[in-house]
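Below: the structure, in structure tokens.
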Amino acid sequence: MTGRPPRWYRPPYGVLTGQGALAARRARLTPVLWSAWAKDWTAGVTAGDVLRVVEPGLRGGATVLLHDTDTYAQPDSWRATLAALPRIVGACRAQGLRVGPLGEHAAGA
């Protein structure tokens with residue numbers, strides 16, 4: 001919890017339906033998709049796997065989709081996501097990219 005009302009709506013599976021777009025507008029949420037999807041919920045995923053999948057999509061203005069729960073993922077797969085974060089940030093910095101929150105992102109302007 002951030003103490004702030006939500007601003008963004010990520011449609012499930014990246015499918016923005018007409019009904020979903022209407023509901024987002026009514027709730028004053030901005031739909032946002034991603035340009036790099038880690039697919040980090042799978043069994044046996046490692047931090048290296050997460051980086052390998054995400055790295056080709058890293059570019060200025062990119063949005064990276066990562067998961068932080070076991071609710072719909074393989075147990076403990078979030079650990080690979082967490083371990084991959086420093087590597088993802090390092091890969092961004094190596095390309096001269098700045099990592100920041102979605103509100104500072106080109107899509108949020």
Side-chain angles (χ1 to χ4, degrees):
M1 303 293 277
T2 66
R4 296 182 182 176
R7 296 176 47 198
W8 312 103
Y9 167 65
R10 181 186 67 83
Y13 307 103
V15 178
L16 183 60
T17 64
Q19 289 177 329
L22 181 60
R25 184 184 327 177
R26 286 181 179 160
R28 296 192 172 129
L29 298 174
T30 302
V32 64
L33 297 176
W34 54 87
S35 46
W37 181 16
K39 299 184 181 176
D40 52 350
W41 66 89
T42 58
V45 68
T46 67
D49 297 333
V50 172
L51 179 61
R52 270 189 297 285
V53 171
V54 167
E55 198 166 23
L58 298 178
R59 61 184 180 281
T63 300
V64 178
L65 174 62
L66 300 170
H67 297 83
D68 64 351
T69 180
D70 288 339
T71 303
Y72 296 102
Q74 293 297 311
D76 292 330
S77 60
W78 63 270
R79 293 178 189 280
T81 304
L82 184 61
L85 279 174
R87 297 178 185 190
I88 293 169
V89 170
C92 288
R93 289 183 176 155
Q95 293 183 40
L97 302 173
R98 188 177 63 81
V99 177
L102 190 59
E104 295 175 9
H105 187 279

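- Among all heavy-atom pairs drawn from A80 and V45, the shortest one is CB-O, 3.5 Å.
- Each ring pair (Phe, Tyr, Trp, His ring centres under 6.0 Å) pair with one or both residues in residues 15-37, not counting sequence neighbours, appears once here: W34-W37, W37-W41.
- No continuous path of ILVMFWY side-chain contacts below 4.5 Å connects V99 to L65, so the two sit in separate hydrophobic clusters.
- No donor-acceptor pair closer than 3.5 Å links the side chain of S77 to the backbone N or O of A43.
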Under 3.5 Å, which donor-acceptor pairs do the side chains of residues 9-25 form with other protein atoms, sequence neighbours left out?
{"from": "T17", "atom 1": "OG1", "to": "G20", "atom 2": "N", "distance (Å)": "2.9"}

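- Residues satisfying the side-chain hydrogen bond (donor to acceptor under 3.5 Å, both in side chains) test with R26, not counting sequence neighbours, are none.
- Going from atom CG of L85 over to atom CG of L66 covers 6.0 Å, rounded to the nearest 0.5 Å.
- Listed by chain and number, the residues in a side-chain contact (heavy atoms from CB on, under 4.5 Å) with R93 are V89 (sequence neighbours excluded).
- Annotation: salt bridge (Lys or Arg N to Asp or Glu O under 4.0 Å) contacts involving residues 28-49, sequence neighbours excluded, comprise D49-R52.
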With a cut-off of 3.5 Å and sequence neighbours excluded, list every side-chain donor-acceptor pair involving residues 53-62.
{"from": "R59", "atom 1": "NH1", "to": "G57", "atom 2": "O", "distance (Å)": "3.2"}

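- Between V50 and I88 there is a side-chain heavy-atom pair separated by less than 4.5 Å.
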